[in-house]
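Beneath this line is the structure, given in structure tokens, with notes to follow.
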Amino acid sequence: MALPPLFLRTIEESGFSAWLRESESPFAFYFVLLFHTFGLALLVGANAVIDLRLLGIEREIPLMPLKRLFGIMWAGFAINAASGVLLLIAYPTKALTNPVFYLKLVLIAIAVWVMTKLNSQVFGDASSSEATMMARAKTLAKWSLALWIGAITAGRLLAYTYKYLIFPC
Amino acid sequence: MNLAPLHLILNHIPIIGTIIGLGLFIVSLVGDTDDLKRASLMVFAGVALLALPTFFSGVGAQGAIRKDAAVPASLIERHEGAAILALFFMEVTGALALVGLWRRDRLFTGKPWSSNLAVILCFSIVTAGLMARVGATGGDIRHPEIRLAQEVTKESGVSGIVSIFEPSPGKFTDLMLLSKWWWAFMMDLHFVGLALLIGTVGILDLRMLGFFKQLPIAPLHRLTPWAMAGFGVNTLTGILAFIGMPNYYTFDAAFWLKMLALLLLGLNAAAFYLSNAFNSVEHLGPGEDAPALAKFFAASSLVLWFAVIALGRYIQSFTDTIPVQ
């Protein structure tokens, strides 16, 4: 049986990785995990509100001021990029030997790309009418919702589909 | 720590609460008084929320009583099966009550939505009946001054018919654990529900706190049904997860703190709508500032929701933090 690449073991054997994974401190692994979920709530929660509004719910919410929600979304993304790297340091073999992990990254990459498209194509021109904005957003908003649900699903599946929890010895 | 007292304190609330709610509701329908209709719907919603920790505390009480050989296991199982069935009807009644309170954008202040009152009446009558049975089967377990605990014998009449619909707790647990994919699916829904809930509640809370002031409040507040949908999905998946791994959650301090935070959120929402805070922000247009009281409720809502997320994430690391005894 082929072993996973050895650098995974090197990361796992580092003091920081071992501390994150094994420390009894409530500020180790679960603290990082909790920020990963806070980030999810900010990023996907805010994006979902924009998507739903663009798809036609609660048309009395003025569209243009929602542009400021992108700040919250980027903050959520930054929190999750940072906490995601820490989770990866804690369990590198678990994530990197699981195809679902790469699927999750791809889904997030496309979802963030759609998010930037929404920002530039729909919210980019302050003089656009709401009807124009909604017409431009129709496809993007649907993809955005589907991709984020896909990313959450892939993330959840990481807890159930891994082949190795830690490097096999 | 003995979790039995918690169950013995809480267990009267869903039974008596449903009966009080139903009584008020019937009076309000007969007298056609909208205030009383709203009040009884609020009782149903509140009791549905309190029924959750009541149900969850049962497993701890069971742990305490199982050592007592005088209590046959079949009695406890019958009580638990009755409780699962009653909880289901209680939560549906609570959800329908919230839907009934929601009329256009005036939660807790408008005229109740009359077309679903009949459905709520049916569900609350069934719930009250099932709750009575939960109380009776629970009393069979531990009321030696009235009757001694005896093995379950074949039941006749209404109890016999009802008992057919009561799930066997052990089989229900096995069903939840049958496939890891089912478990993953429930957890996935729990996270999607979380995002929907936090997104729609969060934007309203932030607006009241003074962010995104160009947005008028009324249409943001109309996003609340989406938050309720997220909460409904998470209540259902949460109950099913608990039934799947009752001992995992029962002896977990983070789980109980999460339940406490949810009860505080219920109180926070009730205080927001029943004080003048909601009226004071309801018609705020772009640029207008919310009064301090509304800001307080918005801030506590945000803090409590993030506490719920945080505590949920710590459940896994806090298993067995409550000693069985």
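All chains are named by letter (A, B, ...) in the order of the sequence lines, taking the proteins before the strands, and each is independently numbered beginning at 1. These numbers were taken from a predicted model, which means no experiment stands behind them.
Contacts of B:Leu206 with chain A are made by side-chain atoms alone, with heavy-atom separations under 4.5 Å and no backbone atom involved. Interface remark: A:Leu69 contributes backbone and side-chain atoms alike to the contact with chain B (heavy atom separation under 4.5 Å). Contact annotation for A:Phe35: neither backbone nor side-chain heavy atoms come within less than 4.5 Å of a heavy atom of chain B. Of the atoms belonging to A:Leu42, it is side-chain heavy atoms, and not backbone ones, that fall under 4.5 Å from chain B. Heavy-atom distances place both the backbone and the side chain of A:Ile61 under 4.5 Å from chain B.
Contact count versus chain B (heavy atoms, under 4.5 Å) is highest, among A:His36, A:Arg59, A:Glu60, A:Glu24, for A:Glu60. Per-residue heavy-atom pair counts under 4.5 Å with chain A were compared for B:Lys213, B:Gln214, B:Gln316, B:His190, and the maximum is reached by B:Gln316.
From A:Glu58, atom CD reaches atom OG1 of B:Thr224 across 9.0 Å, with rounding to the nearest 0.5 Å. To the nearest 0.5 Å, atom CZ of residue B:Phe211 and atom CD1 of residue A:Ile72 are 8.0 Å apart. One distance of note links CZ of A:Arg53 with CG of B:Leu220; it measures 10.5 Å at 0.5 Å rounding. For the atom pair CZ of B:Arg222 and CD1 of A:Ile57, the computed distance is 10.5 Å after rounding to the nearest 0.5 Å.
Contact record, A:Leu40 with B:Ala195: CD2-CB, 4.1 Å, taken as the closest heavy-atom pair. In this structure, A:Pro62 and B:Leu215 approach most closely via the heavy-atom pair O-CD2, 3.6 Å.
Exactly one of A:Ile152, A:Ile149, A:Val44 qualifies for a side-chain contact (heavy atoms from CB on, under 4.5 Å) with B:Phe191. That residue is A:Ile152.
By the neighbour-count criterion of 12 heavy atoms within 6.0 Å, atom CZ of B:Phe88 is sparsely surrounded, having that number or fewer from other residues, nucleotides or ligands. Summarising the local packing, CH2 of A:Trp113 is surrounded by 12 or fewer heavy atoms from other residues, nucleotides or ligands at distances under 6.0 Å. Heavy-atom neighbours of A:Trp143 CH2 from other residues, nucleotides or ligands within 6.0 Å: at or below the threshold of 12. Crowding of B:Phe296 atom CZ: a count of heavy atoms from other residues, nucleotides or ligands under 6.0 Å not exceeding 12. Other residues, nucleotides and ligands contribute more than 12 heavy atoms inside 6.0 Å of the CH2 atom of B:Trp183.
Residues of residues 303-313 of chain B having a heavy atom under 4.5 Å from any heavy atom of chain A, listed by number: B:Phe306, B:Ile309, B:Ala310, B:Arg313.
No side-chain donor-acceptor contact under 3.5 Å links A:Tyr30 to the backbone of B:Phe318.
Using a 4.5 Å heavy-atom cutoff, the side chains of A:Thr37 and B:Leu194 are in contact.
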